[in-house]
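Reading through the structure tokens given below for one structure.
On a predicted model such as this, the values are computed, not experimentally measured, just so you know. As a basis for the values below, the full set of heavy atoms in this structure was taken, side chains included, without hydrogen atoms, waters or symmetry mates. Labels below follow one simple rule: chain letters A, B, ... track the order of the sequence lines, proteins then strands, and each chain is numbered from 1.
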There are 2 protein chains.
Amino acid sequence: MDLRQASYVVAVVDHGTFTAAAASIPVSQPALSQAVATLERELGAELFHRLGRQVRLSPAGEAFLEPARQMLRDAEVARAAVADVVGLTSGRLDVVALSTLVAEPLVGLVGRFRRMHPGVLVRITEPEDADAVVGDVRSGAAELGLGDVDEVPAGLALDPLGRQALFAVLPPGTGLADDRRLPVARLARFPLITTPRGTSSRRLLGQALRLADPDADPEIGVVTQHREAIVPLVMAGAGAAILPEPLARAAAALGAVIAPLSPRLERPVALVRRSGPLSPAAEAFRQLAVGNPF
Amino acid sequence: MDLRQASYVVAVVDHGTFTAAAASIPVSQPALSQAVATLERELGAELFHRLGRQVRLSPAGEAFLEPARQMLRDAEVARAAVADVVGLTSGRLDVVALSTLVAEPLVGLVGRFRRMHPGVLVRITEPEDADAVVGDVRSGAAELGLGDVDEVPAGLALDPLGRQALFAVLPPGTGLADDRRLPVARLARFPLITTPRGTSSRRLLGQALRLADPDADPEIGVVTQHREAIVPLVMAGAGAAILPEPLARAAAALGAVIAPLSPRLERPVALVRRSGPLSPAAEAFRQLAVGNPF
DNA sequence: TGCTCCGATAAGCTGTGCCGATGGATCTCC
DNA sequence: GGAGATCCATCGGCACAGCTTATCGGAGCA
């Protein structure tokens, strides 16, 4: 059985004769006759009674007709469903993003994307650890990744979106020098609040401290997986943290003292994708992202 | 698009890899890859993300999957529906029968047929006139015809089922000779009750009367299309009628006087069908009918 | 009794679906 | 880290399936 054969049968029913049906498809009349005959042989039953000059649907044909119509409708549904995904009126986009990149730049991009393509569901996931952004894209768990990488293994590709400055976030009332830049060495004298090893934030912190003084032994005051606890901890005087600028500014609005570091500390922000063609939604998102650097 | 391609996609989803899917179908892995690739080109979207060694359903593939499964289910439904008709667990059989043949032999045959094949709906229709039995079979309005013909035009075929005697049916109290056979000439002296011209009964009546005396001018007392009125009319003394033996005997049970005619009058009873293969239900009915002559 | 219309059949061709073999990439296991 | 295993894509070649044109046979119609 075959969609083609089914459509031929339906056409014969709808047009009353093989000849008219063949003309409407379009296909030659012998081709149609042969296709129907082949189907009848396969099913083991005549679908039409041949009555000299006219044909008439047989009982078997009547039984066949409705499922056949349904089959053809389903084919159209399948085609349309894919077209919707291609046309971005439907579908889903999976993005894995470092949690410190969700607020900025991800939410802005997703907002614009959703306004442009309201039918496409965007699913944002968090990576297990810093390397998982790349890993999830590689494994297909997500189609796009937003991370702080500046290179990716073979098979993946990368679109740099910009660089993000990291600020020190200090308890309210902390006095700072006039130029308002905080030497890393001074930061290291605060008890520090950070996330566990393996996270991107922790890696950046370690990198900054080593840069300032490879031999220093800074005090880690609090380690927590709960990123949303970091600012409150700082506010409560538990120690200092370093956070991406957007998060730091939000903390400043709550009363925290923030400052860019000296030397300047920043990290790349890039979109990770597999090389090769992306799904339409992912490609549209990528265009949006690279067209709107921050 | 194609049922084959759809089933390939479904197999890949269900088995996780192209290779496993190919083995399960069975088809070679390159054939499966190529078929999926062709479908993807036609739909204008990747259905699977190829991630090195593994594949993963893309958003377009997810959209495609359910309609595709439905399509395959419908194909099975269509196949099964036809198989049911072939296997006589479903379907319909259209029989056109002279009304005087419905009581005997049709109802007995249909009863047995229905007990053998309870799933098959039997539809009994009445012909417009005597010729319409053949005409309805020829036109396909019915697949089988039950009539009093003994030959059919080319394209049709005939199974003789037997011969049916015609009896005179006379009002209660009518005196008959000892041998209880009624000469047609005597019948002609009764006012006669019959159906309109063109019906089989009327034709038989005329034939009988002409046989007895070509010059006679018998009186037609009542002409009615309502066959069920004939026996009551006879009972009411409106005149005499000739009826097939089974109907006549039923009338006798009500008090009518019945008698075979002299010369003996009878008509053929035959099943009319188109030449060539019949639908399974019709063929089964035919076998039943010819195997049980009366 | 031709004439026309319709479906089946015949013959030939083209496209395509399949297979086996091979290549490239990735994952795994020692 | 290297060898093997696994998986998908590509290539070359073959066979079959479906299509087309041409023709036949039968049925309805004037």
#### Entry: Counterpart residues, side-chain contact (heavy atoms from CB on, under 4.5 Å), relative to Ala157(A) (two or more places apart)
Arg273(A), Ser275(A)
### Summary
In whole angstroms, the gap separating P of dG7(C) from CD of Glu46(A) amounts to 14 Å
### Query
Can you give one letter per nucleotide of nucleotides 8-24 of chain C, 5' to 3': B if a protein heavy atom sits under 4.0 Å from the base, S if only from the sugar-phosphate, - if neither?
BB-------SBBBB---
#### Entry: Side-chain heavy atoms of Phe285(A) within contact of Val110(A), under 4.5 Å
yes
### Query
What are the 5'-most and 3'-most nucleotides of DNA chain D lying under 4.0 Å from any heavy atom of chain B?
dA5(D) to dG28(D)
### Single hit among Val269(A), Leu158(A), Asp131(A) for side-chain contact (heavy atoms from CB on, under 4.5 Å) with Val149(A)
Leu158(A)
### Note, Gln5(A) side chain near Val9(A) side chain (heavy atom, < 4.5 Å)
no
### Task
For Ser201(B) and Arg267(B), test the side chains for any donor-to-acceptor distance below 3.5 angstrom and give the result as yes or no.
no
### Message
Assess whether a salt bridge exists between Glu62(A) and Arg69(A), defined as any Lys/Arg side-chain N lying under 4.0 Å from an Asp/Glu carboxylate O.
### Response
no
### Query
Is the shortest side-chain N to carboxylate O distance from Asp136(B) to Arg138(B) below 4.0 Å?
no
### Query
In terms of the nearest nucleotide of DNA chain D, which residue is placed more toward the 5' end: Gly16(B) or Gly155(B)?
Gly16(B)
### Task
Determine, for Arg274(A) against Glu46(B), whether the closest basic-nitrogen to carboxylate-oxygen distance falls under 4.0 angstrom.
yes
